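In what follows, chains are A, B, ... by sequence order, proteins preceding strands, each numbered from 1. Only this structure's heavy atoms are used, side chains among them; waters, hydrogens and symmetry mates stay out. None of the values given here were measured: they were computed from a predicted structure.
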There are 2 protein chains.
Amino acid sequence: MDTIVIFLESKKVRPTAMRLLVYKYMAQSNVARTLGDIENAFAKADRTTLYRTLKTFEEKGIVHQVDDGTGTIKYALCEAGCNCDIGRDLHLHFHCNNCRETTCLTEHKIPQINLPDGYIAEDMNLVIKGICEHCSG
Amino acid sequence: MDTIVIFLESKKVRPTAMRLLVYKYMAQSNVARTLGDIENAFAKADRTTLYRTLKTFEEKGIVHQVDDGTGTIKYALCEAGCNCDIGRDLHLHFHCNNCRETTCLTEHKIPQINLPDGYIAEDMNLVIKGICEHCSG
DNA sequence: AAAAAAATGCACTTCTGTTGCATGGCAACT
DNA sequence: AGTTGCCATGCAACAGAAGTGCATTTTTTT
């Protein structure tokens, strides 16, 4: 528990009770979560608080947004492999068509793409949909 | 005009006035459009009609959805290079951070990605964000 | 012309994301 | 300890897009 407090402080985020809970929830999830997921997990917490908690976490490089094409934004903890701090999160995401969960494949980077003349790439997002290891087994 | 009628009929879509207008609008746009865009273009038309027109077009393989990460679904005409009919739309999309328009790069296919064991790919979506040829010139 | 089928339009709902404002709690300072 | 001020929290309300149900109009078919 203390380690989380220390971690949050190192990111310049005040370790309030709510934030600790949200962080722990994210840490024990190994998939990306929507605001709604978190809302359901903590029935008593206010949506706005959770919303702003995620915003804060995002600004401070604790979580990153995941757009998996489902139409609702998801969030996942930044990890060693994820260079969100640099602003370039180039690992890819996998969305399972069966269990509907989205996982970060932090090891797998997006390959080099060569664009037509005049196009300048600044950021990219690659989502692969299919069956995850859990559901295919 | 007649060519559009014939085309729509070949796709088993009845060529109503509204649908011809929407098709022509999509054809003259060289970028992906949201429902809202179309709504604005035809002030007198009802949103639901346009909504269902796009749904119909999508089902019949006339347009395909584009998810460019802006949070609102866009639509673009299917073209020669686009294999939407097979259910696999593997070309990539470019979203300009300057003019906010999204274009299909039908020529550019998503490269082969090898996934971890147990993951089975069925579909994928790659969006590149940056500056488009118009804005970089 | 009548019946059937399909398209359109209206109203309304839901879901997500977002902001403004009031309140409450913690922290620093006197 | 008391006061001040910042930051977090909670409530309410709004905005935008997606989607549904039903009545009405248009088109096709018989």
Side-chain angles (χ1 to χ4, degrees), chain A residues 4-26 32-60 62-76 95 100 102, chain B residues 4-26 32-60 62-76 95 100 102:
Chain A
I4 300 183
V5 172
I6 294 172
F7 173 73
L8 289 184
E9 281 172 347
S10 80
K11 291 286 190 176
K12 309 250 160 98
V13 170
R14 279 154 94 172
T16 67
M18 204 70 248
R19 289 172 177 175
L20 289 174
L21 284 175
V22 172
Y23 185 88
K24 276 195 259 181
Y25 175 75
M26 297 297 288
R33 293 296 189 189
T34 67
L35 177 57
D37 289 339
I38 305 176
E39 211 180 329
N40 292 337
F42 307 104
K44 32 188 135 168
D46 186 71
R47 210 169 72 245
T48 313
T49 304
L50 298 172
Y51 171 73
R52 290 201 248 244
T53 298
L54 288 173
K55 277 280 181 217
T56 305
F57 280 7
E58 193 192 352
E59 281 166 16
K60 298 306 168 67
I62 298 171
V63 302
H64 62 269
Q65 285 196 5
V66 179
D67 170 21
D68 62 0
T70 55
T72 58
I73 300 170
K74 292 182 177 165
Y75 296 87
H95 177 77
R100 316 266 152 171
T102 299
Chain B
I4 301 182
V5 172
I6 294 172
F7 173 73
L8 288 186
E9 280 173 347
S10 80
K11 292 285 189 177
K12 307 248 157 99
V13 170
R14 280 152 102 169
T16 67
M18 205 69 250
R19 288 172 176 173
L20 288 174
L21 285 175
V22 172
Y23 185 89
K24 276 194 257 180
Y25 175 75
M26 297 297 288
R33 294 296 189 189
T34 66
L35 177 57
D37 290 338
I38 304 175
E39 209 181 331
N40 293 337
F42 308 104
K44 34 188 136 170
D46 187 72
R47 212 171 63 246
T48 313
T49 304
L50 299 172
Y51 171 73
R52 291 200 248 242
T53 297
L54 289 173
K55 278 279 181 217
T56 305
F57 279 7
E58 194 194 350
E59 282 165 16
K60 298 306 168 67
I62 297 170
V63 303
H64 62 270
Q65 284 197 5
V66 179
D67 170 21
D68 63 0
T70 54
T72 59
I73 299 171
K74 291 181 175 163
Y75 296 87
H95 177 77
R100 315 264 153 175
T102 299

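For D:dG19, one of the phosphate oxygens OP1 or OP2 lies less than 4.0 angstrom from a side-chain nitrogen or oxygen of B:Y51. Remark: A:T16 is in phosphate contact with D:dT9, judged by side-chain N or O atoms under 4.0 Å from OP1 or OP2. OP1 or OP2 of D:dG19 sits under 4.0 Å from a side-chain N or O of B:K55.
Partners of A:I73 according to the side chain to side chain contact (heavy atoms under 4.5 Å, CB included) rule, which considers only residues two or more places apart in sequence or in another chain, are A:Q65, A:Y75. Residues satisfying the salt bridge (charged side-chain N to carboxylate O under 4.0 Å, His left out) criterion with A:R33, sequence neighbours excluded, are A:E101.
The distance from atom CD1 of B:I73 to atom P of C:dG17 is 14 Å, rounded to the nearest whole Å. In this structure, A:R19 atom CZ and D:dG10 atom P are separated by 12 Å, rounded to whole Å. Between the CG atom of A:L54 and the P atom of D:dT9 there is a distance of 12 Å, rounded to whole Å. Going from atom NZ of B:K12 over to atom C1' of D:dT28 covers 17 Å, rounded to whole Å. Summarising the geometry, the separation between CZ on B:F57 and C1' on C:dA6 is reported as 15 Å, rounded to the nearest angstrom. The interatomic distance linking A:E9 (CD) with D:dA8 (C1') rounds to 16 Å, in whole Å. The CD-P distance, from B:E39 to C:dG9, rounds to 12 Å in whole Å. Between A:D37 atom CG and C:dC15 atom P the separation is 14 Å, expressed in whole Å.
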Which side-chain N or O atoms in residues 44-55 of chain A pair as donor and acceptor under 3.5 Å with protein atoms at least two apart or in another chain?
unit_1, atom_1, unit_2, atom_2, d
A:D46, OD2, A:T48, N, 2.9
A:D46, OD2, A:T48, OG1, 3.0
A:T53, OG1, A:T49, O, 2.7

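Within the structure, salt bridge (Lys or Arg N to Asp or Glu O under 4.0 Å) pairs that include any residue of residues 63-76 of chain A comprise A:D68-A:K74 (at least two apart or interchain).
Taking the side chain as every heavy atom from C-beta outward, B:H95 and B:T70 approach each other to under 4.5 Å. Looking at A:R19 and A:Y23, their side chains never come closer than 4.5 Å, going by heavy atoms from C-beta outward. Contact of the A:M26 side chain with the A:I38 side chain is registered, since non-hydrogen atoms from C-beta on lie closer than 4.5 Å. Looking only at side-chain heavy atoms (C-beta outward), A:M18 and A:L21 come within less than 4.5 Å of each other. Inter-residue side-chain proximity for B:V13 and B:E9 is flagged as unmet; no heavy-atom pair is nearer than 4.5 Å.
Applying the 3.5 Å distance criterion, the base of C:dG25 shares no donor-acceptor pair with the side chain of A:R14. In this model, a side-chain donor or acceptor of B:R52 finds a partner on the base of D:dG21 within 3.5 Å.
Taking a 4.0 Å limit (strictly below) on heavy-atom distances, residues 42-50 of chain A reaches DNA chain C at A:R47, A:T48.
Comparing the start and finish of the helix from C:dA1-D:dT30 to C:dT30-D:dA1, five pairs each, the helix axis swings through 10°, to the nearest 10 degrees.
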